[in-house]
Amino acid sequence: MSHSVENVVIIGTGCAGLTAAIYTGRANLSPLVLEGGQPGGQLTTTSEVENFPGFPQGVDGFQLMDNLRQQAAKFSARFETGRVVSVDFASTPLKLRTEEREILAKAVIIATGAAPRMTGVPGEKELYGGKGVSTCATCDGAFYRGMDIAVIGGGDSACEEALFLTRFASKVYLVHRRDALRASKIMAERTVAHPKIEMVWNSVPVAVEGVAEGAVSGLRVRNVNNDVESVLPIKGLFVAIGHEPNTAPFADALVTDGQGYLKPAAGSQVRTHIPGVYVAGDCADHVYRQAITAAGMGCQAAIEVERWLAENEN
């Protein structure tokens, strides 16, 4: 077991983790970056990213993450495959346990991201990421100009997605398993009243059609009251039933909100209540969930780590 103490360990290799790695690498901190089960994070499942600043022609999500990784490596970030299973932040140095070993660190940046909840119906997985199934209207809405699309969900985020998508789509079906939305009253009223949104009440998805063609061609839904199935003729499907933050290993050591997201300490976006432990990206942000905001938090966390280590060098 290695007992050398790392300056900083960064957990996660999405936009937040890799940006933190670039900054701490340039500060000569020789960061150790732990890559989990999805190196590069959610963006690697996206074929076209049009809203990341500096790429007027858009950029492939996988390519963008690969560029960030190379940039971090250039500044001496070291990468190791390992999933953190538990932590001990009660004493210093901070302790992280992966499936393989224990790691000691002066500072830790948690950038483990979140995973969109999916419905699990046939065709959804096959057509996810550039083939018509998406979990982010802000990311992919503009690809569906003048087309009919569907959103699955009934909460505030589903309503937000549906309303946002009316800017591009000719029609938005909102599929919800009950006969009333769970969303806040004002959101629900605005959504139901919108001329481009057609409510598909009391209905659950059965299958996403178009797998053979490699592009969404319809959504098969079942009415829960009478079991009648029908197909919505759509070209795009947005699943908006929430995200699961990847925070289980840290839940006992850090403060989380009701949904499991890590909560920063008062007055900071990235500091936790434990000195030397920082959070960045979607594991702590369920409001914006963008590549650029995650990168921004990664930068903030890295600068905080640099300052904190400089102040506590003893």
Side-chain angles (χ1 to χ4, degrees), residues 14-15 38 40-68 113-119 121-153 155-175 191 194-200 205 207-221 231-243 282 287-295:
C15 279
Q38 191 179 27
Q42 289 186 69
L43 225 56
T44 54
T45 63
T46 308
S47 55
E48 189 74 15
V49 180
E50 287 192 330
N51 55 8
F52 200 89
F55 296 93
Q57 308 306 318
V59 59
D60 176 80
F62 185 85
Q63 187 62 58
L64 179 62
M65 298 320 297
D66 195 50
N67 289 353
L68 285 179
R117 283 196 200 110
M118 304 302 277
T119 67
V121 301
E124 179 184 61
K125 196 170 158 191
E126 294 86 337
L127 295 170
Y128 180 66
K131 295 176 187 167
V133 176
S134 171
T135 52
C136 178
T138 329
C139 315
D140 299 329
F143 299 122
Y144 297 94
R145 287 180 198 281
M147 299 182 198
D148 289 4
I149 57 179
V151 175
I152 296 173
D156 275 343
S157 60
C159 289
E160 266 172 37
E161 301 266 282
L163 288 163
F164 179 81
L165 290 164
T166 60
R167 300 177 193 189
F168 309 104
S170 48
K171 182 187 226 172
V172 180
Y173 295 98
L174 183 53
V175 181
T191 305
H194 199 287
K196 276 191 177 181
I197 296 175
E198 183 175 319
M199 299 304 305
V200 186
V208 186
E209 305 200 331
V211 176
E213 300 77 29
V216 171
S217 62
L219 176 68
R220 181 171 289 279
V221 295
V231 177
L232 306 175
I234 56 161
K235 294 279 190 283
L237 173 65
F238 290 79
V239 182
I241 53 176
H243 284 69
D282 287 15
V287 179
Y288 300 109
R289 290 202 302 263
Q290 298 300 302
I292 190 69
T293 48

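Residue F52 comes nearest to C15 through the heavy atom pair CE1-SG, 4.5 Å, listed as atom of the first residue, atom of the second, then distance. Between Y144 and G236, the closest heavy-atom pair is CE2-CA, 3.6 Å. The shortest non-hydrogen separation linking Q42 to A114 is NE2-O, 2.8 Å. In this structure, D282 and A294 approach most closely via the heavy-atom pair OD1-CB, 4.5 Å. The two atoms that bring I241 and G153 nearest to each other are CG2-CA, 4.0 Å, heavy atoms only. The shortest heavy-atom contact between H243 and T135 is CE1-O, 4.4 Å.
T293 has its side chain out of reach of V287: every pair of non-hydrogen atoms, C-beta onward, lies at least 4.5 Å apart. Here the side chains of Y173 and P233 are in contact, with some heavy-atom distance below 4.5 Å. Contact annotation: the side chain of L64 approaches that of F55 to within less than 4.5 Å [non-hydrogen atoms, C-beta and beyond]. Proximity of K235 to V216: side-chain heavy atoms (C-beta onward) are nowhere separated by under 4.5 Å.
Distance CD/E48 to CG/D60: 7.0 Å, rounded to 0.5 Å. Note that CE of M118 is 8.5 Å distant from CD1 of I152, once rounded to the nearest 0.5 Å. One finds the CG atom of L237 at 15.0 Å from the NZ atom of K131 (value rounded to the nearest 0.5 Å). To the nearest 0.5 Å, the span separating CG on L219 from CD1 on I149 amounts to 12.0 Å.
For Y128, there are no ring-ring contact (aromatic ring centres under 6.0 Å, His included) partners at least two apart in sequence or on another chain. Under the side chain to side chain contact (heavy atoms under 4.5 Å, CB included) criterion, F168 pairs with A142, R145, F164, sequence neighbours left out. With sequence neighbours excluded, the residues satisfying side-chain hydrogen bond (donor to acceptor under 3.5 Å, both in side chains) with T119 are E124. In terms of the side chain to side chain contact (heavy atoms under 4.5 Å, CB included) criterion, residue partners of V211 (sequence neighbours excluded) are, by chain and number, E126, L127. Remark: N51 engages no residue in a side-chain hydrogen bond (donor to acceptor under 3.5 Å, both in side chains) (not counting sequence neighbours). Applying the side-chain hydrogen bond (donor to acceptor under 3.5 Å, both in side chains) criterion to S134, with sequence neighbours excluded, gives D140. For T166, the side chain to side chain contact (heavy atoms under 4.5 Å, CB included) test picks out V172, H194, K196, I197, with sequence neighbours left out. Residues passing the side chain to side chain contact (heavy atoms under 4.5 Å, CB included) test with N67, sequence neighbours excluded: Q63. Residues that satisfy the salt bridge (charged side-chain N to carboxylate O under 4.0 Å, His left out) test with E50, not counting sequence neighbours, are absent from this structure. Shown here are the side-chain hydrogen bond (donor to acceptor under 3.5 Å, both in side chains) partners of D148, two or more places apart in sequence or in another chain: S170.
Identified under the salt bridge (Lys or Arg N to Asp or Glu O under 4.0 Å) test for residues 159-173, with sequence neighbours left out: K171-E198.
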